[in-house]
Enquirer: 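What follows is a single structure, and I will ask about it in a moment.
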Amino acid sequence: MNKRIIVALLFFLLFIIFLPSHRFAEEKKEEPIYDKRMALYKKTESLTQIPWYFIAAVDQYERQIHKDLKEDQIISIRIPQEIWFGPGNQSMDMEMIEVFNGKGKDGNGDGKADPNNGEDALLTFATMIQAYGHNEEDFKIALWEYYKRDLTVQTIKNTARVFKEYNSINLTERDFPVAINYNYTYRSTWGDRRGFGGKRIHEGTDIFAGYGTPVHSTTYGVVELIGWNLYGGWRIGIRDIFNIYHYYAHLSGYQEGIEIGQIVKPGDVLGSVGSTGYGPPGTSGKFPPHLHYGMYKDNGYSEWSFDPYPYLRKWERMARDNR
């Protein structure tokens, strides 16, 4: 075999050996967005000593109130330009920002404080919190000074508690609000007219089931309200980590130990189906037993009811798949 053929074969073998590492190597799977977020929260915690779950809760809240976010956007915190740059300034130069008493910080080490950069936004907000201190009460004060809204402060605080409790931000599991191994029926009833107490619309879906059927939490969240209501009878309200208030009404009673401020997860038993309401405390039996389930969205300024039926259908399928 002549030398040309031998050299050609050697080059071919080397090509085959090294080619997979360049062209045909398996592509590295993209890091899940929750992992990317958590890495940035932990990095910011190491720089400021503000617990990651405080930082994550603020970012989670802002993710729910901005309508123009990209689907793959990692960080959602937006700080007003006058706070970021300082009045009259538009420069991202750190020295200029300091001259104009701006708050913007360089979180990614590129020498600029860019309000559209997630790392910069996280460090800036955490530094603003840091100025008030590092404990939960300091965090509450810092949030009030920034948002000037009690519900926002409470929502972020509760979300931080949930993240801390489960040491995770990837909390996407759901459950159906009544135990699926019991008999029940429901249809879309949101927006139907109601007459008791004056003309109004039905702000939820009625799930008809027998007395005593267990009622479950559909989501991760914190119990915000519990007790009697003229229309809803014995009811319970839970605010979840997506700024959504979940309303369970007409219960026959509560699960032992359920109280305001309690952290719940999907599947936790809250109480049982009944027919309470439409009168003073204890009124029952004015309609067939059912669970009224409502959902209310908060956008940082106001709160409104929306149709839970499509979500119930999805969560019902998820609950059956997980049996």
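All of these numbers come straight from a predicted model, not from anything done at the bench.
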Enquirer: Report yes or no: do Leu225 and Val162 belong to one cluster of Ile/Leu/Val/Met/Phe/Trp/Tyr joined by side chain heavy-atom distances under 4.5 Å?
Expert: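 Unlinked, Leu225 and Val162 end up in two clusters.
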Enquirer: Supply the atom-to-atom distance Ile55 CD1 to Leu47 CG, rounded to the nearest 0.5 angstrom.
Expert: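 Reported to 0.5 Å precision, the distance equals 9.0 Å.
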Enquirer: Could you walk me through whether Glu98 and Lys103 pass the salt bridge (charged side-chain N to carboxylate O under 4.0 Å, His left out) test, one step at a time?
Expert: CA-CA 8 Å; Glu98 290 178 7; Lys103 303 294 185 182; over 6 Å; no
Enquirer: Tell me, do Val58 and Ile77 make a side-chain contact under 4.5 Å, heavy atoms counted?
Expert: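 SC-SC contact between Val58 and Ile77 confirmed.
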Enquirer: Is there a donor-acceptor contact under 3.5 Å from the side chain of Arg161 to the main chain of Gly261?
Expert: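 Judged by distance alone, yes, a pair lies under 3.5 Å.
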Enquirer: As an exercise, state the distance from CD of Gln64 to CD of Glu62, rounded to the nearest 0.5 Å.
Expert: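 Answer for the CD-CD pair, Gln64 versus Glu62, is 10.5 Å.
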Enquirer: Measuring from His246:NE2 to Leu270:CG, what's the distance to the nearest 0.5 Å?
Expert: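 One gets 11.0 Å once the value is rounded to the nearest 0.5 Å.
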Enquirer: For Lys140, I'd like to know if atom NZ has over 12 heavy atoms of other residues, nucleotides or ligands within 6.0 Å.
Expert: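 Atom NZ in Lys140 is not packed in, count stays at 12 or less.
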Enquirer: Return yes if a side-chain donor-acceptor contact under 3.5 Å exists between Tyr41 and Arg37, otherwise no.
Expert: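 There is no such pair between these side chains.
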Enquirer: Under 3.5 Å, is there a donor-acceptor pair between the Glu165 and Tyr220 side chains?
Expert: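 The answer is no; no qualifying pair exists.
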Enquirer: Below 4.5 Å, heavy atoms only, C-beta onward: do Thr48 and Thr44 meet side chain to side chain?
Expert: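 Yes, at least one pair of side-chain atoms sits under 4.5 Å.
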Enquirer: More than 12 heavy atoms of other residues, nucleotides or ligands under 6.0 Å from OH of Tyr147: is that the case?
Expert: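 Above 12, so yes.
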Enquirer: Looking at Thr152, Asn243, Thr155, which hits side-chain hydrogen bond (donor to acceptor under 3.5 Å, both in side chains) with Tyr61?
Expert: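 Result: among Thr152, Asn243, Thr155, Thr152 is the only option passing the side-chain hydrogen bond (donor to acceptor under 3.5 Å, both in side chains) with Tyr61.
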Enquirer: Does the side chain to side chain contact (heavy atoms under 4.5 Å, CB included) test come out yes or no for Arg235 and Ile226, once each step is laid out?
Expert: CA-CA 6 Å; Arg235 89 295 199 210; Ile226 193 168; over 6 Å; no
Enquirer: To the nearest 0.5 angstrom, please state how far the CG atom of Leu143 sits from the CD1 atom of Ile156.
Expert: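 So the gap between those two atoms works out to 5.0 Å.
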Enquirer: Picking from Tyr311, Tyr184, Trp315, Tyr182, what satisfies ring pair (Phe, Tyr, Trp, His ring centres under 6.0 Å) with Phe176?
Expert: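 Between Phe176 and the candidates, ring pair (Phe, Tyr, Trp, His ring centres under 6.0 Å) is satisfied uniquely by Tyr184.
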Enquirer: Over all heavy atoms of both residues, which pair between Pro115 and Met92 is shortest? Give the atoms and the distance, please.
Expert: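 Heavy atoms only, the tightest pair is CD-SD, 4.3 Å.
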Enquirer: Between Trp144 and Phe125, is there a shared hydrophobic cluster once you connect ILVMFWY residues whose side-chain heavy atoms come closer than 4.5 Å?
Expert: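 Yes; tracing contacts between hydrophobic side chains, which count when under 4.5 Å, links both residues.
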Enquirer: Can you establish whether the number of heavy atoms outside Glu95 located under 6.0 Å from its atom CD is more than 12?
Expert: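 Check fails, neighbour count at 12 or below.
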Enquirer: Apply the test side-chain hydrogen bond (donor to acceptor under 3.5 Å, both in side chains) to residues Tyr254 and Glu259: give CA-CA distance (whole Å), side-chain angles for both, the deciding distance (0.1 Å), then the verdict.
Expert: CA-CA 9 Å; Tyr254 302 109; Glu259 60 185 9; over 6 Å; no
Enquirer: Is Arg317 salt-bridged to Asp321, cutoff N-O under 4.0 Å?
Expert: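 Between Asp321 and Arg317 there is no salt bridge, as every charged N stays at least 4.0 Å from the carboxylate O atoms.
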Enquirer: Backbone N or O of Val264 within a donor-acceptor pair of the Asp268 side chain at under 3.5 Å?
Expert: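 Such a contact is absent between Asp268 side chain and Val264 backbone.
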Enquirer: For residues Tyr166 and Ile241, determine if any side-chain heavy atom of one lies less than 4.5 Å from a side-chain heavy atom of the other.
Expert: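 A side-chain contact is absent here, since even the closest heavy-atom pair is not under 4.5 Å.
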Enquirer: First locate atom OG1 of Thr124, then atom CD1 of Ile83, and finally report the distance between them rounded to the nearest 0.5 Å.
Expert: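 Reported to 0.5 Å precision, the distance equals 11.0 Å.
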Enquirer: Compare all side-chain heavy atoms of Ile129 with those of Tyr146 and state whether any distance is below 4.5 angstrom.
Expert: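 They are not in side-chain contact.
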Enquirer: Do Phe163 and Phe54 make the cut of ring centroids closer than 6.0 angstrom?
Expert: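 Not under 6.0 Å, so no.
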Enquirer: Considering all heavy atoms of both residues, which atom of Gly257 and which atom of Gln262 are nearest to each other, and what is their separation?
Expert: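 Nearest heavy atoms, Gly257 then Gln262: O-OE1, 3.0 Å.
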Enquirer: Could you go step by step and tell me if Thr276 and Ser284 meet the side-chain hydrogen bond (donor to acceptor under 3.5 Å, both in side chains) rule?
Expert: CA-CA 4 Å; Thr276 59; Ser284 182; over 6 Å; no
Enquirer: What are the two closest heavy atoms between Asp240 and Thr159, and how far apart are they?
Expert: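 For Asp240 versus Thr159, the nearest heavy atoms are O-OG1, 4.4 Å.
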Enquirer: Does Asp110 reach the side chain of Asp106, with side-chain heavy atoms less than 4.5 Å apart?
Expert: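 They are in contact (side-chain heavy atoms under 4.5 Å apart), so the answer is yes.
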Enquirer: Hey, is Glu119 close enough to Lys105 for a salt bridge, meaning N to O under 4.0 Å?
Expert: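 No.
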Enquirer: Under 30°, 30 to 60°, or over 60°: which ring-plane class applies to His250 and Tyr278, parallel, tilted or perpendicular?
Expert: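 Aromatic pair His250/Tyr278 classed perpendicular.
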Enquirer: Is there side-chain contact between Asn101 and Phe85, with heavy atoms separated by less than 4.5 Å?
Expert: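 No - every pair of side-chain heavy atoms lies 4.5 Å or more apart.
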Enquirer: Would you kindly say whether Tyr247 and Glu224 are connected by a side-chain donor-acceptor distance under 3.5 Å?
Expert: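 No - no donor-acceptor pair under 3.5 Å links their side chains.
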Enquirer: Check the side chains of Tyr211 and Ser275 for a donor-acceptor pair under 3.5 angstrom, ignoring hydrogens and angles.
Expert: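 On atom types as modelled, these side chains qualify, holding a pair under 3.5 Å.
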Enquirer: Are Asp298 and Arg149 ion-paired here, with the side-chain N under 4.0 Å from a carboxylate O?
Expert: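 Yes, this pair counts.
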Enquirer: For Trp84 and Asn89, run side chain to side chain contact (heavy atoms under 4.5 Å, CB included): C-alpha distance rounded to whole Å, both residues' side-chain angles, the deciding distance at 0.1 Å, then the answer.
Expert: CA-CA 9 Å; Trp84 186 280; Asn89 178 42; over 6 Å; no
Enquirer: Do Leu123 and Asn108 pass the side chain to side chain contact (heavy atoms under 4.5 Å, CB included) test, and can you show the C-alpha distance, the side-chain angles, and the key distance before you say yes or no?
Expert: CA-CA 9 Å; Leu123 181 61; Asn108 65 350; over 6 Å; no
Enquirer: So does Arg320 have more than 12 non-hydrogen atoms from other groups sitting under 6.0 Å from CZ?
Expert: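 It does: Arg320 CZ has more than 12 such atoms within range.
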Enquirer: Judged by atom type as modelled, is there a donor-acceptor pair below 3.5 Å linking the side chain of His216 to the main-chain atoms of Pro214?
Expert: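 Side chain of His216 to backbone of Pro214, a donor-acceptor pair under 3.5 Å: no, none is there.
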Enquirer: Nearest heavy-atom pair of Asp307 and Pro310: which atoms, and what distance?
Expert: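 Minimum heavy-atom separation between Asp307 and Pro310: O-CD, 3.5 Å.
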Enquirer: Can you see which heavy atom on Val215 is nearest to which on Ser272, and at what distance?
Expert: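 Closest pair (atom of Val215, atom of Ser272, distance): CG2-C, 3.8 Å.
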Enquirer: How far apart are the C-alpha atoms of Tyr248 and Thr218, what are their side-chain angles, what is the distance that settles it, and do they pass the side chain to side chain contact (heavy atoms under 4.5 Å, CB included) test?
Expert: CA-CA 10 Å; Tyr248 306 75; Thr218 59; 3.5 Å; yes
Enquirer: Can you establish whether the number of heavy atoms outside Glu256 located under 6.0 Å from its atom CD is more than 12?
Expert: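 Count not over threshold, so no.
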Enquirer: May I ask you to check whether Tyr293 and Asp206 show a side-chain donor-acceptor distance below 3.5 Å?
Expert: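 No, because no side-chain N or O of Tyr293 sits under 3.5 Å from a partner of the opposite role on Asp206.
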Enquirer: Less than 4.5 Å apart, side chain to side chain, heavy atoms only: is that true for Ser252 and Trp234?
Expert: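 A side-chain contact is absent here, since even the closest heavy-atom pair is not under 4.5 Å.
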Enquirer: Are more than 12 heavy atoms, taken from residues, nucleotides or ligands other than Lys43, located less than 6.0 Å from that residue's NZ atom?
Expert: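 Counting other residues, nucleotides and ligands, NZ of Lys43 exceeds 12 neighbours.
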Enquirer: Mind listing the closest non-hydrogen atom pair of Asp59 and Ser76 along with its distance?
Expert: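 Answer, listing the atom of Asp59 first, then Ser76: OD1-N, 2.6 Å.
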Enquirer: Should the heavy atoms of other residues, nucleotides or ligands under 6.0 Å from NZ of Lys148 be counted, would the total exceed 12?
Expert: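 Atom NZ in Lys148 is crowded, with more than 12 foreign heavy atoms closer than 6.0 Å.
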Enquirer: Would you mind reporting whether Leu251 and Leu291 have side-chain heavy atoms less than 4.5 Å apart?
Expert: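 Yes, side chains in contact.
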Enquirer: Give, for atom CG of Leu122 and atom CG of Asn117, the distance between the pair rounded to the nearest 0.5 Å.
Expert: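 One finds 9.0 Å between CG of Leu122 and CG of Asn117.
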Enquirer: Hey, is the main chain of Trp52 close enough, under 3.5 Å, to the side chain of Glu45 for a donor-acceptor pair?
Expert: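 Here the side-chain-to-backbone pair exists.
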Enquirer: Going by atom types only, do Thr205 and Thr189 share a side-chain donor-acceptor pair under 3.5 Å?
Expert: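 On atom types as modelled, these side chains do not qualify, holding no pair under 3.5 Å.
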Enquirer: Does atom NZ of Lys297 have more than 12 heavy-atom neighbours, drawn from other residues, nucleotides or ligands, at distances under 6.0 Å?
Expert: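 Enclosed.
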